[in-house]
Amino acid sequence: MTPRSVVTVRVPAKVNVQLAVGGRRADGFHELANVFFAVALGDLVTASPGSPGSGVMLTCAGPDADLVPLDDSNLAARAAHLLAAHHGVEADVRLHIAKEIPVAGGMAGGSADGAAALVACDALWELATPLPVLLALAAELGSDVPFALLGGVALGRGRGELLTPVPVDGTFHWVFAVADGGLSTPAVFHECDRLRDEAGTGSADSDVPAPEADPALLAALAGGDAVALAAALGNDLQAAALSLRPALAATLRAGAEAGALGVLVSGSGPTCAFLAKDAEAAEAVASALRASGTCRAAHATYGPVAGAEVLPQA
Ligand code: C5P
């Protein structure tokens with residue numbers, strides 16, 4: 001086999017159809033029961049050889065590309081360094097991110113790019129790293145990175161990195177409303193703690209019941225039942241995201257009025273997610289959201305889709 005000179009990986013965004021947040025642990029992370037769902041909205045990460053000693057050279061294009069850090073703090077760059085260090089090879093690579101996933105939007109776009117860079121560099125450098133090792137490296141990069149490797153639908157326990165695939169029947173149709181400006185994930189978790197403390201329930205591990213996956217939600221996914229899934233959607237970070245960004249309430253309302261079956265903030269926000277009956281209904285909800293003036297853009301899409309995968313060579 002001749003070595004590949006260019007590798008392009010497609011990687012999905014996620015929405016959490018359930019995000020049950022437990023108490024803050026001693027390490028500062030929150031225990032989660034988190035049902036990840038991969039959607040067709042995604043980024044493309046292309047890896048090509050760097051020159052000896054060049055290190056990781058990162059470029060990015062797409063809406064809000066100017067907000068994406070291009071230094072070694074980017075999860076894609078960190079992924080290339082981590083994989084190279086694991087195998088004792090030089091991390092000399094050019095990485096280009098074609099960005100469609102909203103930046104700092106609660107759809108794990110940065111995590112997706114980290115997962116895609118792992119897969120792209122693994123193929124470019126012909127390392128053939130086994131999936132369990134890639135998943136462990138991904139967990140070192142961040143709580144949401146392992147799921148972007150796996151895709152589909154999965155229950156995430158621990159801080160979200162301990163994954164169990166969840167059976168799903170058929171395709172669900174979604175709309176995502178992109179807000180102007182992002183929200184910081186740590187800030188939203190911190191606000192969740194603050195609201196719990198203010199309510200008197202407490203925010204520590206010992207104060208909050210252990211989060212559990214909702215059996216009704218899992219049954220709705222297994223049965224391909226969009227109406228039942230809509231009724232079971234839940235996000236414990238939603239109140240915190242709305243507290244930091246009250247304007248999101250109008251976005252959620254606009255989608256509900258346009259006929260969405262279910263509405264919720266995606267992850268830590270500020271992207272809002274709308275579950276629709278079918279592809280036609282999703283297009284109608286997206287059009288209504290665009291006309292409502294309550295978001296910057298609205299994308300109709302579907303899922304579940306596969307995790308990070310190498311595209312066939314052109
Ligand atoms: O793991 P990741 O780097 O994506 O997490 C970003 C931040 O989100 C953490 O530093 C923490 O503040 C918060 N977080 C959390 N509990 C989790 C996952 C993330 O508090 N389970």
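As a basis for the values below, the full set of heavy atoms in this structure was taken, side chains included, without hydrogen atoms, waters or symmetry mates. Start at 1 and go down the list; that is how both ligands and their atoms are numbered.
Remark: minimum distance from atom 9 (C) of ligand 1 to any protein heavy atom is reached at F29 CE2, 3.7 Å. When hydrogens are left out, the protein atom nearest atom 21 (N) of ligand 1 is H30 O, 2.8 Å; that is the closest non-hydrogen contact. Here the heavy atom of the protein found nearest to atom 8 (O) of ligand 1 is T185 CG2, 3.4 Å.
For F189, every heavy-atom contact with ligand 1 shorter than 4.0 Å involves the side chain, none the backbone.
In this structure a side-chain-to-backbone donor-acceptor pair under 3.5 Å is present from D43 to E100. With hydrogens and angles ignored, the 3.5 Å screen pairs no side-chain donor or acceptor of N34 with any backbone N or O of L19. Put simply, the side chain of R290 gets close to the backbone of A298: a donor and an acceptor are under 3.5 Å apart. No donor-acceptor distance shorter than 3.5 angstrom exists from the side chain of R157 to the backbone of E31, with no hydrogens or angles considered. Between the side chain of R245 and the main chain of G182, a donor-acceptor pair closer than 3.5 Å is present.
The shortest N or O to N or O distance between S143 and ligand 1 is below 3.5 Å. Between D144 and ligand 1, not a single N/O pair is under 3.5 Å apart. Geometrically, ligand 1 and R159 share a nitrogen or oxygen pair separated by less than 3.5 Å.
The contact set between ligand 1 and P186, taken as ligand atoms under 4.0 Å from a residue heavy atom, comprises 7 (C), 12 (O). In summary, the atoms of ligand 1 found under 4.0 Å from a heavy atom of G142, numbered by their order in the structure, are 1 (O).
Contact annotation: the side chain of V119 never approaches that of E309 to less than 4.5 Å [non-hydrogen atoms, C-beta and beyond].
Between F37 and W174, the angle of the ring planes goes over 60°, which puts this pair in the perpendicular group of the 30/60° scheme.
Within the 4.0 Å heavy-atom shell around ligand 1 one finds L32. Within the 4.0 Å heavy-atom shell around ligand 1 one finds G28.
Residues S184 and H190 bring no donor and acceptor atom of their side chains to less than 3.5 Å of each other.
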